[in-house]
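Since the structure comes first, as structure tokens, the remarks are kept for the end.
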Amino acid sequence: MTFQIEPIGVIHSPYKEKFAVPRQPGLVPSARATLALTGDANTPEAVRGIAQFSHLWLLFLFDQNLSAGWRPTVRPPRLGGNDRVGVFASRATFRPNGIGMSAVKLMGIRQEKGQVLLDLAGVDLVDGTPVIDIKPYIPYSDSVPDASGGFAAETPELLPVEFTPAALAQLDGQDADYQKAVIEEVLAQDPRPAYKKGKTDDKCYGVLLFDYNVRFRFVDDKVLVEEIVAPG
């Protein structure tokens, strides 16, 4: 049997590309995103009562990977990118049906010119990601305090992040503190390929966050943000 799934909304987030997107929800708590409902789902009736819940489950499509197909085994970054496990023992993006899920914090609900918007925090989704369903997070059933986390049992270690004066000077708008916090929390995760984690290299990396190209290096066990280039 085959089934057709239509997105019910689209995510607007600071992450403009796949590189450096947090590998799990909640790792960058400062990041804010908006879910704009679409089609028949774009009605206040569809979210009636949702404000009672502090968190939501989002089911979404790894739309940028669908054309690449899937793989029965993958190499999770948490295992150094070398050891393979079955795709169903991971949260890899290359899956048979390309469906992901994230638990996110609901910050508010609003409507603007007929558009229903859900304001969210802790989202780990690329800007433009299609969402296919929303479900309330139920603490008594969804949280399992004594669960085993397998090879991903521990919270990832974070690296210290520093900014050059030139980089900080680029963040001079009213959202400067917010943008700095998000950049810091994203880069502290060490977004490099798994085989480079814990190592110093001379490469200058760049990532698109908000409307900036954030350029940084890994120096002496820390991340140094050297330049934040504004559009244009």
Side-chain angles (χ1 to χ4, degrees), residues 10-36 55 58 64 76-78 80-81 91 93 100 102-108 110 112 117-129 152 154-232:
V10 62
I11 285 287
H12 300 291
S13 79
Y15 310 115
K16 305 304 179 182
E17 59 182 351
K18 291 187 292 184
F19 179 59
V21 172
R23 291 191 171 94
Q24 303 295 343
L27 294 180
V28 181
S30 295
R32 299 291 183 263
T34 301
L35 171 56
H55 291 73
L58 299 185
Q64 296 189 24
R78 292 297 293 270
R91 295 191 176 184
T93 58
S102 291
V104 302
K105 186 173 183 179
L106 177 62
M107 305 298 294
R110 54 196 168 94
E112 294 182 358
L117 303 167
L118 276 63
D119 295 319
L120 310 169
V123 173
D124 57 341
L125 305 180
V126 179
D127 186 57
T129 294
E154 303 296 329
T155 303
E157 294 185 8
L158 302 179
L159 295 177
V161 180
E162 297 182 3
F163 294 74
T164 65
L168 286 177
Q170 192 65 58
L171 300 174
D172 59 359
Q174 67 180 44
D175 293 329
D177 290 342
Y178 162 63
Q179 293 172 341
K180 178 179 180 293
V182 172
I183 292 170
E184 186 171 357
E185 291 173 8
V186 167
L187 298 185
Q189 312 285 333
D190 192 347
R192 294 178 296 176
Y195 69 90
K196 287 193 173 184
K197 288 187 179 293
K199 300 178 181 179
T200 297
D201 63 48
D202 296 328
K203 181 177 179 179
C204 180
Y205 294 85
V207 60
L208 300 180
L209 289 171
F210 302 104
D211 291 323
Y212 297 108
N213 183 357
V214 181
R215 297 176 180 172
F216 56 96
R217 295 181 188 271
F218 292 82
V219 181
D220 298 329
D221 297 322
K222 68 182 179 184
V223 183
L224 178 63
V225 180
E226 296 184 329
E227 188 177 21
I228 298 177
V229 182

Steps toward side chain to side chain contact (heavy atoms under 4.5 Å, CB included) verdict (Leu35, Val123): CA-CA 10 Å; Leu35 171 56; Val123 173; over 6 Å; no

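The two atoms that bring Ala20 and Pro191 nearest to each other are CA-CB, 3.5 Å, heavy atoms only. Taking all atoms of both residues into account, the shortest heavy-atom contact from Val104 to Gly122 is CG1-O, 4.3 Å.
Taken to the nearest 0.5 Å, the NE2 atom of His12 stands 11.0 Å off from the CG atom of Asp119. Here the CG atom belonging to Asp220 is positioned 12.0 Å from the CG atom belonging to Leu159, to the nearest 0.5 angstrom. Rounding to the nearest 0.5 Å gives a distance of 9.0 Å between CG of Leu120 and CE of Met107. Considering CG of Asp202 and CZ of Arg217, their distance stands at 7.0 Å, rounded to 0.5 Å. For the atom pair Ile11 CD1 and Leu118 CG, the distance stands at 9.0 Å (nearest 0.5 Å). Between the CD1 atom in Ile228 and the CG atom in Leu171 there is a gap of 4.0 Å [rounded to 0.5 Å].
The side-chain hydrogen bond (donor to acceptor under 3.5 Å, both in side chains) search around Ser102 returns Asp124, not counting sequence neighbours. Applying the side-chain hydrogen bond (donor to acceptor under 3.5 Å, both in side chains) criterion to Arg215, with sequence neighbours excluded, gives Glu227. Residues passing the side-chain hydrogen bond (donor to acceptor under 3.5 Å, both in side chains) test with Gln170: none are found, sequence neighbours excluded. Looking at residues two or more places apart in sequence or on another chain, you find a side-chain hydrogen bond (donor to acceptor under 3.5 Å, both in side chains) between Glu112 and Arg110. With sequence neighbours left out, the ring pair (Phe, Tyr, Trp, His ring centres under 6.0 Å) criterion links Tyr15 to no other residue.
The number of heavy atoms from other shown groups lying within 6.0 Å of NZ (Lys16) is above 12.
Contact check for Asp190 versus Val223: no side-chain heavy atoms found under the 4.5 Å cut-off. Taking 4.5 Å as the limit, some side-chain heavy atom of Leu187 sits within range of a side-chain heavy atom of Val225.
For the residue pair Gln189 and Arg23, no side-chain donor N or O sits within less than 3.5 Å of a side-chain acceptor on the partner.
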Side chains of residues 176-183: which donor-acceptor pairs under 3.5 Å do they make with residues two or more places apart or in other chains?
{"residue": "Tyr178", "atom": "OH", "partner": "Arg32", "partner atom": "N", "Å": "2.9"}
{"residue": "Lys180", "atom": "NZ", "partner": "Glu184", "partner atom": "OE1", "Å": "3.4"}

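Ring pair Phe218/Tyr205 is perpendicular by interplanar angle, where above 60° counts as perpendicular and below 30° as parallel.
In this structure, Asn213 contributes its side chain and Leu208 its backbone to no donor-acceptor pair below 3.5 Å.
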